[in-house]
Amino acid sequence: MLGSFHAPLLILAAGGGEADPLVFNADLALWTLVIFLGMLIVLSKYAWKPLIQGLNNREENIAKKIEDAEQAHEKAHAHLRQHEEQLAKVAEEAKSVLDEAKQDAVALKDRILAEAQEEAQRIRDRALADIEAAKNAAVRELAEKSVDSAVLLAGSIVGRSLDKQDHDKLIEDSINSFTNGA
Amino acid sequence: MADQENHFAPDHLFGHVKDATYFEVPRLLATDGHLQVPQFRSSTDPLVDLTTGTAAIDDMIEPLDMKVTKFMILEVVGAVLVAVIFIRLAKLVRTGEKPQGKFWNFFEAMLLFIRDDVARPSIGKHDADRFLPFIWTIFFFVLGCNLLGMVPWAGSPTGALATTGMLALITFVTVIGAGSAKLGPVGFWKAQVPHMDLPLFLAIFLIPGIFLIEVMGLLIKHFVLAVRLLANMMAGHLVLAVILAFIAAAWGSLAGFMVVPASILGATALSCLELFVAFLQAYIFAFLASLFIGMAVHPH
């Protein structure tokens with residue numbers, strides 16, 4: 001192997017003297033081999049292997065963390081969308097509940113009003129009927145009283161009592177005239 | 001010129017860049033400015049005779065003599081720095097906490113850059129993590145060695161062919177190993193020849209030729225890997241040495257009033273460039289190593 005190095009060196013070294021920079025120091029070459037192999041062995045065990053492992057672990061860690069973050073983000077996004085949907089649904093529900101309540105209230109108001117009006121009408125009608133009845137009773141009583149007293153008076157005047165038939169006829173006539181006159 | 005010494009002599013300039021058995025330090029610390037590296041062996045006789053008999057080659061090779069040099073010590077310093085930094089970082093990363101602080105973010109950014117923009121695109125995500133320890137080690141070792149060249153009195157071990165050549169050889173072995181493990185020892189070499197529908201008589205001539213060219217290409221690619229890093233690191237430091245040598249050359253003369261500030265500015269600017277090149281070359285080395293591994297593992 002060394003031979004392959006030397007042949008071209010002959011050209012490079014032409015004219016070289018004592019201080020030839022292309023001199024090949026066999027000791028230095030062997031020493032370089034020893035140092036290099038020593039470095040390779042020691043560093044591989046105590047530096048390169050843990051370094052490669054550490055760097056790979058970190059890379060995996062970072063990749064995993066990024067993936068986790070992406071997943072979390074996706075999840076949060078889904079949650080947000082779900083919540084927004086729910087919120088919209090709730091708002092709609094609230095609105096419909098409110099509308100219904102409003103409708104109910106209006107209906108209730110109308111019904112109460114109608115009932116109240118009806119009740120009032122009924123009370124008035126009854127009152128009017130009562131008044132009418134009372135008036136009729138009063139008139140009737142007055143007529144009876146008047147007839148009685150008139151009969152009594154007339155009886156005393158004519159000196160005889162009217163019999164029952166006369167009496168009733170008189171009342172009837174009297175009421176009729178009264179009613180017609182009224 | 002007051003100074004008689006030739007500051008621009010190649011030996012002198014290269015002396016600042018190449019490996020040595022001493023550190024250049026201020027003369028306060030050592031009388032001749034050289035702090036000698038302690039040696040295990042008193043003798044400098046080679047342990048193994050590597051002489052080939054060809055002078056041109058023998059001049060190129062410094063034999064095995066157990067000589068401890070500056071670059072060896074600096075490689076250890078670089079390796080220890082890298083180990084301390086990344087073992088500490090590994091402890092932090094293992095906690096699983098998020099990255100915080102300058103230390104953690106600075107080095108983790110570099111690690112992730114190499115992983116995500118160098119290793120994975122070149123090798124493919126599945127296979128890349130298996131080779132990541134190799135790519136990280138080679139990147140930070142080269143970067144550490146490059147940056148040590150910017151520290152005063154230190155130097156760049158990557159400015160020596162032995163270092164970059166061995167790193168390229170390690171890469172070459174890794175590439176062949178990776179390819180053989182994936183495609184089988186025969187499959188890897190077979191995959192070097194792209195599949196072609198050739199008539200038999202053409203295939204007999206062409207396929208061995210193409211195989212030879214591809215194997216040569218494989219060797220040259222890795223050789224260039226070594227030379228590119230070496231040339232970049234050495235050239236930068238050599239240019240710095242030349243610019244600073246202007247100061248020594250012009251010192252004491254009238255021209256010095258112009259040359260010294262210009263040299264200082266130039267050296268500062270080039271040092272900034274060198275800082276950039278240190279990172280760039282480490283990146284290129286790691287990137288090409290990943291690319292070669294990727295090509296070996298996925299041939300088509």
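Source: prediction; values computed, not measured. In what follows, chains are A, B, ... by sequence order, proteins preceding strands, each numbered from 1.
Between B:Met72 atom CE and A:Leu30 atom CG the span is 8.5 Å, to the nearest 0.5 Å. Between the CG atom of B:Asp65 and the CG atom of A:Asn25 there is a distance of 7.0 Å, given to the nearest 0.5 Å.
A 4.5 Å side-chain heavy-atom check between B:Leu111 and A:Leu51 finds at least one atom pair inside the cut-off. Residues B:Pro133 and A:Ile52 form a side-chain contact, since some pair of their non-hydrogen atoms from C-beta on lies under 4.5 Å apart. Using a 4.5 Å heavy-atom threshold, the side chains of B:Lys18 and A:Val23 count as separate.
No other option in B:Ile138, B:Thr69, B:Thr95 has as many heavy-atom pairs under 4.5 Å with chain A as B:Ile138.
B:Met166 and A:Ala29 get closest at one heavy-atom pair: CG-O, 3.3 Å. Of all heavy-atom pairs between A:Ala47 and B:Phe86, the closest is CB-O, 3.6 Å. Heavy-atom minimum distance, A:Trp31 versus B:Glu75: CD1-OE1, 3.6 Å.
Interface remark: B:Ile170 contributes side-chain atoms only to the contact with chain A (heavy atom separation under 4.5 Å). With a threshold of 4.5 angstrom between heavy atoms, A:Asn57 does not approach chain B through any atom at all. Looking at A:Leu55, the atoms closer than 4.5 Å to chain B (heavy atoms on both sides) sit in the backbone and in the side chain alike. Heavy atoms of B:Arg115 lying under 4.5 Å from chain A belong exclusively to its side chain. Looking at B:Thr163, the atoms closer than 4.5 Å to chain A (heavy atoms on both sides) sit in the backbone and in the side chain alike. At a 4.5 Å heavy-atom cutoff, the contact between B:Val76 and chain A is made by backbone and side-chain atoms alike. Heavy atoms closer than 4.5 Å to chain A are found in both the backbone and the side chain of B:Leu89. In this structure, the portion of B:Glu108 lying under 4.5 Å from any heavy atom of chain A is its side chain and not its backbone. Contacts of A:Leu40 with chain B are made by both backbone and side-chain atoms, with heavy-atom separations under 4.5 Å. Only the side chain of B:Leu112 comes within contact range of chain A, judged by heavy atoms closer than 4.5 Å. For B:Val82, the parts lying near chain A are the backbone and the side chain together; criterion is any non-hydrogen pair under 4.5 Å. Contacts of A:Leu33 with chain B are made by both backbone and side-chain atoms, with heavy-atom separations under 4.5 Å.
For CD of A:Glu115, the number of neighbouring non-hydrogen atoms (other residues, nucleotides, ligands) closer than 6.0 Å is greater than 12. Heavy-atom neighbours of A:Glu59 CD from other residues, nucleotides or ligands within 6.0 Å: above the threshold of 12. Atom OH of A:Tyr46 has 12 or fewer heavy atoms from other residues, nucleotides or ligands within 6.0 Å. Remark: B:Gln100 CD is packed, more than 12 non-hydrogen atoms of other residues, nucleotides or ligands lying under 6.0 Å away.
Inspection of non-hydrogen atoms places B:Phe140, B:Phe141 of residues 140-147 of chain B under 4.5 Å from chain A.
Using a 30° and 60° split on the angle between ring planes, B:Phe134 and A:Phe36 fall in the perpendicular class, above 60°.
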